[in-house]
There are 2 protein chains.
Amino acid sequence: MERTLDRRSQILEVAARLFAERGFHGVSVGDIGRAVGISGPALYKHFDSKDDVLAEMLVAISERLLTEGQERVAQAHSPDAALAALVDWHVEFALAQPSLIVVQDRDWQSLAVEARERVRSLQREYVDLWADQLRRRDPDLTTDRAQAMAHAAFGLINSTPHSSRLPQSAMRELLAGMALGSLGLKSLS
Amino acid sequence: MERTLDRRSQILEVAARLFAERGFHGVSVGDIGRAVGISGPALYKHFDSKDDVLAEMLVAISERLLTEGQERVAQAHSPDAALAALVDWHVEFALAQPSLIVVQDRDWQSLAVEARERVRSLQREYVDLWADQLRRRDPDLTTDRAQAMAHAAFGLINSTPHSSRLPQSAMRELLAGMALGSLGLKSLS
DNA sequence: GCCTGCGGTTAACGAACGTTAACCTCTGTC
DNA sequence: GACAGAGGTTAACGTTCGTTAACCGCAGGC
């Protein structure tokens with residue numbers, strides 16, 4: 001069954017899909033309500049506002065990406081292993097939650113200031129998690145350059161919603177291989 | 001001076017910047033008018049509708065990316081050289097027109113059916129331009145996989161609006177190197 | 001067996017949107 | 001020097017939006 005998540009989670013899930021398809025401003029609260037089987041203003045029994053739905057969604061993603069990323073880095077025994085673990089994690093997340101990935105880099109600008117700054121700060125920390133490992137591997141790398149490399153790797157991996165023709169396992173292997181290649185790590189196969 | 005482009009081009013340019021910042025649905029015709037120094041409905045002296053502005057913008061980008069890409073491939077003497085030329089071209093375009101890059105992959109879904117299909121078709125052709133060169137280089141590559149690789153490379157290169165800390169020439173070199181690395185080509189330096 | 005509160009409903013609101021209408025002011029043409 | 005058209009203006013339109021208000025049914029605790 002599984003469609004008996006509590007309403008709140010169900011709304012978040014469905015709203016993510018709609019936001020990914022049409023953008024935050026392209027989706028009305030009526031659309032969201034209809035998609036979960038309630039109608040319009042009932043949404044306000046669960047959230048303070050439409051902006052709140054987006055905020056909760058984006059803060060949750062950013063936190064999840066960061067904390068799981070930190071854990072995987074902590075368990076790695078070399079910068080190369082850490083980077084491989086980060087790539088695997090990001091690929092896994094992007095393949096499992098393509099809608100969230102799309103919303104995260106398309107609609108964060110629609111957040112109210114407070115939530116926006118929280119999300120930005122978490123994202124910066126996540127970028128730096130990658131950048132630090134890159135600089136441990138190559139101490140000549142400047143911080144700016146390492147951050148730009150992390151962003152580029154995210155862009156590569158986050159492209160997955162744009163090309164869903166491949167089976168998931170093939171896509172996972174392809175994206176991980178390309179990401180490692182782009183960062184100058186030798187791919188396994 | 002140069003700010004005496006004809007109004008039409010000026011509107012397209014300014015609208016691209018606004019759409020990139022806030023999304024198509026997050027920008028009103030009043031916003032666009034204000035940004036070019038006229039007010040609201042005056043825009044209709046130059047375009048049939050707000051959708052028309054977006055359509056013209058996106059069709060122009062897609063055509064430009066494709067035709068210049070085709071020319072660069074035609075002048076290359078090997079698949080490797082063709083891919084390097086495509087990477088250089090895409091990087092150059094993304095650095096010169098970050099707003100257009102953002103709008104192109106964020107707001108194409110807001111297009112009316114006709115324009116949307118035209119843009120999609122041009123984009124498919126551009127993807128295949130890349131995919132064909134990848135398959136000439138490695139005949140074992142399936143079409144689906146080659147297309148996914150092209151999309152991933154676009155994602156990497158198109159990440160440039162998200163990280164503008166580096167000087168442009170350093171960014172050009174970084175993105176080109178990473179893109180080639182992701183595609184399995186040996187980078188020059 | 002009442003009552004409280006959760007999760008719904010429909011109706012209504014003011015604001016903002018895209019667009020149209022009506023009008024004005026130049027500028028170049030015959 | 002009348003006139004047409006290009007490119008502006010403000011006022012006004014209908015629609016849609018996010019949100020609030022008022023109301024209702026039902027489950028669980030006392």
DNA chain D contacts among residues 37-49 of chain B, heavy-atom distance under 4.0 Å: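 Here the set is B:Ile38, B:Ser39, B:Pro41, B:Ala42, B:Lys45, B:His46.
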Where at least one partner belongs to residues 15-26 of chain A, residue pairs that pass salt bridge (Lys or Arg N to Asp or Glu O under 4.0 Å), sequence neighbours excluded: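 Sorted result for residues 15-26 of chain A: A:Arg17-A:Glu21, A:Arg22-A:Asp31.
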Pairwise ring-ring contact (aromatic ring centres under 6.0 Å, His included) hits with a residue in residues 13-61 of chain B, at least two apart: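 ring-ring contact (aromatic ring centres under 6.0 Å, His included) check on residues 13-61 of chain B returns B:Phe19-B:Phe24.
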Close approaches to DNA chain C from residues 109-119 of chain B, in residue order (heavy atom, under 4.0 Å):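 Going residue by residue through residues 109-119 of chain B, none turns out to have a heavy atom under 4.0 Å of DNA chain C.
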Parallel, tilted or perpendicular, as decided by the 30° and 60° cut-offs, for the rings of B:Trp130 and B:His90: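 Perpendicular: the ring planes of B:His90 and B:Trp130 meet at over 60°.
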Do [X] and [Y] make a side-chain contact, defined as non-hydrogen atoms from C-beta onward lying under 4.5 Å apart?
| X | Y | answer |
| --- | --- | --- |
| B:Phe93 | B:Ile61 | yes |
| B:Ser62 | B:Glu125 | no |
| A:Leu12 | A:Val53 | yes |
| A:Arg64 | A:Leu100 | no |
| A:Asn158 | A:Gln104 | no |
| A:Ile101 | A:Thr160 | no |

Residue pair B:Arg118, B:Glu114: steps toward the salt bridge (Lys or Arg N to Asp or Glu O under 4.0 Å) verdict: CA-CA 6 Å; B:Arg118 173 124 184 76; B:Glu114 194 183 357; over 6 Å; no
Salt-bridge criterion met for A:Arg124 and A:Glu117 (N-O under 4.0 Å):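 Judged by the 4.0 Å cut-off on N to carboxylate O distance, A:Arg124 and A:Glu117 do not form a salt bridge.
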Could you list the protein-to-nucleotides 4-6 of chain C atom pairs, N/O on both sides, closer than 3.5 Å?
none

Any donor-acceptor N/O pair, B:Arg116 side chain to B:Ser110 backbone, under 3.5 Å: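 Not confirmed, B:Arg116 side chain does not pair with B:Ser110 backbone.
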Sugar-phosphate only, base, or nothing, as touched by A:Val53 at under 4.0 Å among non-hydrogen atoms: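 Nothing, no nucleic acid heavy atom in range.
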B:Ile38 and B:Lys45: CA distance, side-chain angles, deciding distance, side chain to side chain contact (heavy atoms under 4.5 Å, CB included) verdict: CA-CA 11 Å; B:Ile38 65 183; B:Lys45 301 291 176 173; over 6 Å; no
Heavy-atom contact window of chain A on DNA chain D, given 5' to 3' at under 4.0 Å: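 Nucleotide range with atoms under 4.0 Å of chain A: D:dC17 to D:dT20.
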Nearest-Å distance for atom pair CD1/C1', residues B:Ile32 and C:dC17: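 Interatomic distance, CD1 of B:Ile32 to C1' of C:dC17: 12 Å.
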